[in-house]
Amino acid sequence: MSRIFFSYSRKNVLEAVALKEWLSRQDPSLEFDIFLDLDERTGIRLATKWRDALEKASARCEYVVCLYSPDWARSPECQRELDNADFAKKLIIPVRLVDEPIDDRIAKWQWVDLFGPGPQETVAFTHQGRAESVVFAQAGLRSLAKLFVNPGDGPETFDWPPPNEPGRSPYRGWEPLKEVDAAAFYGRDAEIAQSLGHVNRMRQ
(Lines give C-alpha, C1' and ligand atoms only; values in the text may rest on other atoms or scores of the structure.)
Protein backbone atom coordinates (compact mmCIF):
# COMPACT_ATOMS: atom_id res chain seq x y z
CA MET A 1 0.00 0.00 0.00
CA SER A 2 1.44 3.39 -1.03
CA ARG A 3 1.50 6.10 1.66
CA ILE A 4 1.96 8.95 -0.83
CA PHE A 5 -0.42 9.76 -3.70
CA PHE A 6 0.63 12.08 -6.53
CA SER A 7 -2.21 14.20 -7.93
CA TYR A 8 -1.12 15.88 -11.17
CA SER A 9 -2.27 17.07 -14.58
CA ARG A 10 -1.30 15.06 -17.65
CA LYS A 11 0.40 18.23 -18.89
CA ASN A 12 2.86 17.82 -15.99
CA VAL A 13 3.61 14.14 -16.36
CA LEU A 14 7.36 14.70 -16.74
CA GLU A 15 7.50 16.71 -13.52
CA ALA A 16 5.57 13.97 -11.70
CA VAL A 17 7.89 11.22 -12.96
CA ALA A 18 10.98 13.31 -12.20
CA LEU A 19 9.87 14.07 -8.63
CA LYS A 20 9.13 10.43 -7.87
CA GLU A 21 12.48 9.46 -9.40
CA TRP A 22 14.34 12.04 -7.29
CA LEU A 23 12.65 11.03 -4.03
CA SER A 24 13.24 7.34 -4.76
CA ARG A 25 16.93 8.02 -5.29
CA GLN A 26 17.09 9.65 -1.83
CA ASP A 27 15.29 6.68 -0.26
CA PRO A 28 14.81 3.56 -2.44
CA SER A 29 11.84 2.41 -0.32
CA LEU A 30 9.87 5.39 -1.64
CA GLU A 31 9.68 3.77 -5.08
CA PHE A 32 6.91 1.57 -3.69
CA ASP A 33 5.64 4.14 -1.20
CA ILE A 34 4.63 6.69 -3.87
CA PHE A 35 1.60 6.00 -6.05
CA LEU A 36 2.03 7.42 -9.55
CA ASP A 37 -0.69 6.00 -11.78
CA LEU A 38 1.40 5.60 -14.92
CA ASP A 39 4.45 4.09 -13.25
CA GLU A 40 5.25 0.85 -15.07
CA ARG A 41 6.19 -0.93 -11.85
CA THR A 42 3.84 0.43 -9.21
CA GLY A 43 1.06 2.22 -11.09
CA ILE A 44 -2.27 1.09 -12.56
CA ARG A 45 -2.07 -2.28 -14.26
CA LEU A 46 -3.56 -3.16 -17.62
CA ALA A 47 -7.16 -4.40 -17.65
CA THR A 48 -7.93 -2.24 -14.61
CA LYS A 49 -10.62 0.42 -14.35
CA TRP A 50 -8.39 3.45 -13.96
CA ARG A 51 -10.88 5.62 -12.07
CA ASP A 52 -11.56 2.86 -9.52
CA ALA A 53 -7.83 2.28 -9.10
CA LEU A 54 -7.18 5.99 -8.55
CA GLU A 55 -9.93 6.29 -5.96
CA LYS A 56 -8.73 3.20 -4.12
CA ALA A 57 -5.11 4.42 -4.04
CA SER A 58 -6.22 7.87 -2.90
CA ALA A 59 -8.41 6.41 -0.15
CA ARG A 60 -5.62 4.23 1.23
CA CYS A 61 -2.80 6.79 1.26
CA GLU A 62 -1.71 9.10 4.08
CA TYR A 63 -0.37 12.03 2.01
CA VAL A 64 -1.74 13.62 -1.17
CA VAL A 65 0.91 15.59 -3.03
CA CYS A 66 -0.78 18.04 -5.41
CA LEU A 67 1.60 19.04 -8.21
CA TYR A 68 0.09 22.46 -8.66
CA SER A 69 -0.06 24.27 -12.01
CA PRO A 70 -2.82 26.09 -13.93
CA ASP A 71 -3.49 22.78 -15.71
CA TRP A 72 -3.89 21.03 -12.34
CA ALA A 73 -6.33 23.74 -11.21
CA ARG A 74 -8.42 23.27 -14.38
CA SER A 75 -8.51 19.48 -14.20
CA PRO A 76 -11.82 18.03 -12.90
CA GLU A 77 -9.99 14.83 -11.91
CA CYS A 78 -7.44 16.73 -9.85
CA GLN A 79 -10.18 18.75 -8.17
CA ARG A 80 -12.00 15.53 -7.30
CA GLU A 81 -8.81 14.11 -5.79
CA LEU A 82 -8.39 17.27 -3.71
CA ASP A 83 -12.01 17.17 -2.52
CA ASN A 84 -11.75 13.51 -1.54
CA ALA A 85 -8.48 14.06 0.28
CA ASP A 86 -9.78 17.11 2.15
CA PHE A 87 -12.98 15.30 3.11
CA ALA A 88 -11.04 12.29 4.39
CA LYS A 89 -8.67 14.53 6.40
CA LYS A 90 -5.59 13.44 4.48
CA LEU A 91 -2.31 15.32 4.80
CA ILE A 92 -2.30 17.54 1.71
CA ILE A 93 0.94 18.99 0.35
CA PRO A 94 0.64 21.48 -2.53
CA VAL A 95 3.82 21.55 -4.62
CA ARG A 96 3.95 24.51 -7.02
CA LEU A 97 5.61 23.72 -10.33
CA VAL A 98 5.36 27.23 -11.82
CA ASP A 99 5.26 30.80 -10.56
CA GLU A 100 1.49 31.24 -10.75
CA PRO A 101 -0.89 32.43 -8.01
CA ILE A 102 -2.16 29.43 -6.10
CA ASP A 103 -5.88 28.71 -6.16
CA ASP A 104 -7.80 29.71 -3.01
CA ARG A 105 -9.09 26.16 -2.62
CA ILE A 106 -5.60 24.85 -2.00
CA ALA A 107 -3.87 27.92 -0.58
CA LYS A 108 -4.98 27.07 2.98
CA TRP A 109 -2.25 24.42 3.17
CA GLN A 110 1.43 25.25 3.46
CA TRP A 111 3.00 24.69 0.06
CA VAL A 112 6.42 23.99 -1.42
CA ASP A 113 7.86 25.65 -4.55
CA LEU A 114 9.96 23.62 -6.98
CA PHE A 115 11.09 26.73 -8.84
CA GLY A 116 12.71 30.02 -7.89
CA PRO A 117 16.13 31.55 -7.25
CA GLY A 118 19.05 29.72 -5.75
CA PRO A 119 20.67 26.39 -6.56
CA GLN A 120 18.88 24.19 -9.08
CA GLU A 121 19.03 20.44 -9.59
CA THR A 122 18.53 18.66 -12.89
CA VAL A 123 16.80 15.29 -12.57
CA ALA A 124 17.59 13.03 -15.52
CA PHE A 125 15.44 9.95 -16.09
CA THR A 126 13.94 7.72 -18.76
CA HIS A 127 10.26 7.93 -19.62
CA GLN A 128 8.63 5.68 -22.20
CA GLY A 129 12.03 4.82 -23.61
CA ARG A 130 13.17 8.42 -24.00
CA ALA A 131 15.81 10.31 -22.05
CA GLU A 132 14.21 13.26 -20.25
CA SER A 133 15.22 15.81 -17.63
CA VAL A 134 13.48 18.34 -15.39
CA VAL A 135 15.04 21.16 -13.37
CA PHE A 136 13.81 21.74 -9.81
CA ALA A 137 14.84 24.23 -7.11
CA GLN A 138 16.97 22.47 -4.53
CA ALA A 139 15.28 24.28 -1.63
CA GLY A 140 11.91 22.77 -2.54
CA LEU A 141 13.39 19.31 -3.00
CA ARG A 142 15.05 19.54 0.43
CA SER A 143 11.73 20.46 2.03
CA LEU A 144 10.06 17.39 0.55
CA ALA A 145 13.00 15.18 1.52
CA LYS A 146 12.68 16.29 5.15
CA LEU A 147 9.08 15.13 5.11
CA PHE A 148 9.38 11.85 3.25
CA VAL A 149 13.00 10.64 3.45
CA ASN A 150 13.80 8.93 6.74
CA PRO A 151 11.08 10.89 8.56
CA GLY A 152 11.94 9.38 11.96
CA ASP A 153 11.34 6.23 13.92
CA GLY A 154 9.34 3.66 11.99
CA PRO A 155 8.67 -0.07 12.35
CA GLU A 156 11.98 -0.90 10.68
CA THR A 157 13.78 0.88 13.57
CA PHE A 158 12.84 -1.88 16.01
CA ASP A 159 13.52 -5.62 16.00
CA TRP A 160 10.60 -7.93 15.32
CA PRO A 161 10.13 -10.42 16.72
CA PRO A 162 11.96 -9.33 19.87
CA PRO A 163 15.27 -11.22 20.18
CA ASN A 164 14.40 -12.52 23.65
CA GLU A 165 10.82 -13.46 22.66
CA PRO A 166 10.86 -14.90 19.10
CA GLY A 167 7.33 -16.31 19.38
CA ARG A 168 5.65 -13.06 20.47
CA SER A 169 2.55 -12.23 18.45
CA PRO A 170 2.05 -8.67 17.16
CA TYR A 171 -1.69 -9.09 17.75
CA ARG A 172 -2.14 -8.51 21.47
CA GLY A 173 -5.91 -8.92 21.73
CA TRP A 174 -6.94 -7.26 24.98
CA GLU A 175 -3.34 -7.17 26.22
CA PRO A 176 -1.79 -3.67 26.26
CA LEU A 177 1.12 -2.85 23.98
CA LYS A 178 4.43 -2.60 25.81
CA GLU A 179 7.84 -1.19 24.94
CA VAL A 180 8.81 -4.50 23.41
CA ASP A 181 5.90 -4.14 20.95
CA ALA A 182 7.25 -0.90 19.43
CA ALA A 183 7.64 -2.44 15.96
CA ALA A 184 3.97 -3.46 15.93
CA PHE A 185 2.73 0.02 16.84
CA TYR A 186 2.87 1.42 13.29
CA GLY A 187 0.98 1.16 10.04
CA ARG A 188 -2.53 2.34 10.85
CA ASP A 189 -2.43 6.02 9.78
CA ALA A 190 -4.01 5.38 6.38
CA GLU A 191 -6.76 3.24 7.92
CA ILE A 192 -7.47 5.92 10.53
CA ALA A 193 -7.76 8.60 7.84
CA GLN A 194 -9.99 6.34 5.76
CA SER A 195 -12.23 5.62 8.77
CA LEU A 196 -12.52 9.33 9.52
CA GLY A 197 -13.61 9.87 5.93
CA HIS A 198 -16.35 7.24 6.32
CA VAL A 199 -17.51 8.82 9.60
CA ASN A 200 -17.65 12.26 7.95
CA ARG A 201 -19.78 10.88 5.13
CA MET A 202 -22.14 9.26 7.64
CA ARG A 203 -22.49 12.58 9.50
CA GLN A 204 -23.46 14.34 6.28
Side-chain angles (χ1 to χ4, degrees), residues 2-43 54 57-58 61-75 77-79 81-86 89-154 156-157 189-190 193:
S2 300
R3 293 186 307 119
I4 305 160
F5 180 92
F6 274 13
S7 171
Y8 67 100
S9 162
R10 291 297 182 197
K11 300 285 182 65
N12 304 123
V13 63
L14 293 182
E15 290 89 342
V17 174
L19 184 56
K20 178 173 181 179
E21 183 72 22
W22 186 86
L23 286 168
S24 298
R25 289 174 187 171
Q26 313 313 304
D27 181 352
S29 70
L30 288 175
E31 178 182 349
F32 300 97
D33 232 2
I34 298 172
F35 180 84
L36 182 62
D37 60 348
L38 53 72
D39 191 288
E40 296 176 355
R41 295 157 293 185
T42 60
L54 282 176
S58 177
C61 72
E62 296 174 32
Y63 299 91
V64 175
V65 175
C66 301
L67 300 183
Y68 185 84
S69 70
D71 294 305
W72 183 93
R74 288 191 292 265
S75 167
E77 285 297 327
C78 292
Q79 297 306 301
E81 290 164 357
L82 175 63
D83 288 340
N84 290 341
D86 192 15
K89 306 300 183 187
K90 304 285 185 180
L91 298 171
I92 296 172
I93 301 135
V95 177
R96 286 204 307 168
L97 301 176
V98 292
D99 189 5
E100 291 281 343
I102 198 162
D103 189 287
D104 288 343
R105 296 185 64 238
I106 200 168
K108 60 185 176 182
W109 290 283
Q110 183 63 40
W111 66 79
V112 173
D113 288 342
L114 287 183
F115 61 89
Q120 307 289 303
E121 183 161 343
T122 300
V123 182
F125 58 98
T126 301
H127 177 62
Q128 296 182 345
R130 297 179 56 183
E132 304 281 3
S133 65
V134 174
V135 178
F136 292 133
Q138 285 185 0
L141 291 175
R142 284 199 300 270
S143 294
L144 291 172
K146 287 178 183 177
L147 183 62
F148 294 130
V149 177
N150 300 320
D153 288 341
E156 70 283 348
T157 311
D189 291 351

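Applying the salt bridge (Lys or Arg N to Asp or Glu O under 4.0 Å) test to E15 and every residue at least two apart in sequence or in another chain returns nothing. Annotation: side-chain contact (heavy atoms from CB on, under 4.5 Å) contacts of A18 (sequence neighbours excluded): V123, F125, V134, F136.
Atoms CD1 and CG, from I93 and L147 in turn, are 5.0 Å apart once rounded to the nearest 0.5 Å. If you take CG on D33 and CG on L23, they are separated by 10.5 Å, rounding to the nearest 0.5 Å. Within the model, atoms CG of D39 and NE2 of H127 stand 10.0 Å from one another, a figure rounded to the nearest 0.5 Å. The CH2 atom of W72 lies 13.0 Å from the CZ atom of R96; values are rounded to the nearest 0.5 Å. Summarising the geometry, atom CG belonging to D103 is positioned 11.5 Å from atom OG belonging to S69; distances are rounded to the nearest 0.5 Å. To the nearest 0.5 Å, atoms CD (Q120) and CG (L114) are separated by 10.0 Å.
Between Y63 and the options F148, F5, W109, a ring pair (Phe, Tyr, Trp, His ring centres under 6.0 Å) holds for only F148. Shown are S7, C61, S2; of these, the side-chain contact (heavy atoms from CB on, under 4.5 Å) with F35 is made only by S2.
The closest donor-acceptor contact from the side chain of K20 to the backbone of L36 lies at 3.5 Å or more, if one exists at all.
Closest non-hydrogen pair, S9 versus C78, comes out as N-SG, 3.9 Å. For the residue pair P70 and E100, the shortest heavy atom distance occurs at CG-CG, 3.7 Å. In terms of heavy atoms, P94 sits closest to I92 at CD-O, 3.6 Å.
D83 has a carboxylate O that lies under 4.0 Å from a charged side-chain N of R105, or vice versa, which qualifies the two as a salt bridge.
Side-chain contact of Y8 with D37: a donor-acceptor pair under 3.5 Å is present, judged by distance alone.
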Start with the C-alpha gap between L67 and N12, add the side-chain angles, then the distance that decides, and say whether side-chain contact (heavy atoms from CB on, under 4.5 Å) holds. CA-CA 8 Å; L67 300 183; N12 304 123; 5.5 Å; no
